[in-house]
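The analysis underlying the following values was restricted to heavy atoms, covering all of them including side chains, and did not include hydrogens, waters or symmetry mates. Chain identifiers are assigned alphabetically (A, B, ...) following the order of the sequence lines, protein sequences preceding nucleic acid strands; residue numbering begins at 1 within each chain.
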Amino acid sequence: MAVTVSIPTILRSHTDGAKSVEAAGSTVLEVLDDIESRHSGLKERLVKDSKLHRFVNVYVNDEDVRFVGGLDAEVSDGDTVTILPAVAGGAR
Amino acid sequence: MLKIRRDFVDEIVAHARRDHPDEACGVIAGKEGSDEPERFIPMVNAARSPTFYEFDSGDLLKLYREMDARDEVPVVIYHSHTATEAYPSRTDIAYASEPEAHYVLVSTRDPETYEFRSYRIVDGVVTEEDVEVVEPSTKADTGSDGLHED
């Protein structure tokens, strides 16, 4: 199961500068584990206590995975997984 | 240093005033590597809060896909503080994840005047930078409306 994973600028230091990488897996977590096996350090920037870090958004195609099972969200052959840091902040 | 057209400064301040007392947010995209803010994109504050802002996750995906397709990056990422100074909060610093971007903060706490300041935020370190406001006439051709003279 090959999927394309789009990597945001701030995490490209973990992928030798690559904007996207190919990975295998049937869930988001499996995909991240597969990337981690070749690009160590990426996963810990995204996952904390077995959950997606609140500073980051992960999409399978057009769907934010928070609404479709989080790290267990299903991924199919040919899907695109996009990782984007949240743009947020404020005076609080 | 951030070099920015006066009409963009005006647009950001107007957006911040319009959404006050909630925080306003958005980006100005520009060609990758140019460091020139060229395309003003106000965003909805999905948090609709006077003390927090967040781009809606669907809007964020659309924005980045569009910028990718146009070889653009977020040259400026702006938001307002509505009751405090225009300086990055701990929350702002924790979320900041575009080391190449100019983080612009506007304060609308004073209805008569505004503060407009710009920062780099890299690995949790905030560095304020000068802002040079240029007149739009010197950068008139944004190419955004597709007008050509043959």
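- Taking the six-membered ring where tryptophan is involved, the planes of A:F55 and B:Y95 are perpendicular, since the angle between them exceeds 60° and thus also 30°.
- B:A83 does not touch chain A: none of its heavy atoms, backbone or side chain, sits under 4.5 Å away.
- For B:L61, the parts sitting under 4.5 Å from any heavy atom of chain A are the backbone and the side chain alike.
- Highest contact tally toward chain B, considering only A:R54, A:E63, A:K19, is held by A:R54 [criterion: heavy-atom pairs under 4.5 Å].
- The pair B:R117-B:E128 counts as a salt bridge, with a side-chain nitrogen and a carboxylate oxygen less than 4.0 angstrom apart.
- The aromatic rings of B:F40 and B:F8 lie parallel to each other, their planes meeting at an angle below 30°, with 60° marking the opposite boundary.
- Only the side chain of B:T84 comes within less than 4.5 Å of a heavy atom of chain A; its backbone N, CA, C and O stay farther away.
- Residue contact with chain A, scored on non-hydrogen atoms closer than 4.5 Å, involves the side chain of B:Y64 exclusively.
- Of the listed residues (B:P99, B:G58, B:A46, B:S57), the greatest number of heavy-atom pairs within a distance under 4.5 Å of chain A belongs to B:S57.
- Between chain A and the residues B:D92, B:L105, B:L63, the most heavy-atom pairs under 4.5 angstrom are made by B:D92.
- Here the side chains of B:Y114 and B:R109 are not in contact, with every heavy-atom distance at 4.5 Å or above.
- Side-chain contact between A:V65 and A:L71 is absent, with no heavy atoms from C-beta onward closer than 4.5 Å.
- In this structure, B:D123 places its CG atom where only 12 or fewer heavy-atom neighbours from other residues, nucleotides or ligands lie under 6.0 Å away.
- Only the side chain of B:R65 comes within contact range of chain A, with heavy atoms under 4.5 Å apart.
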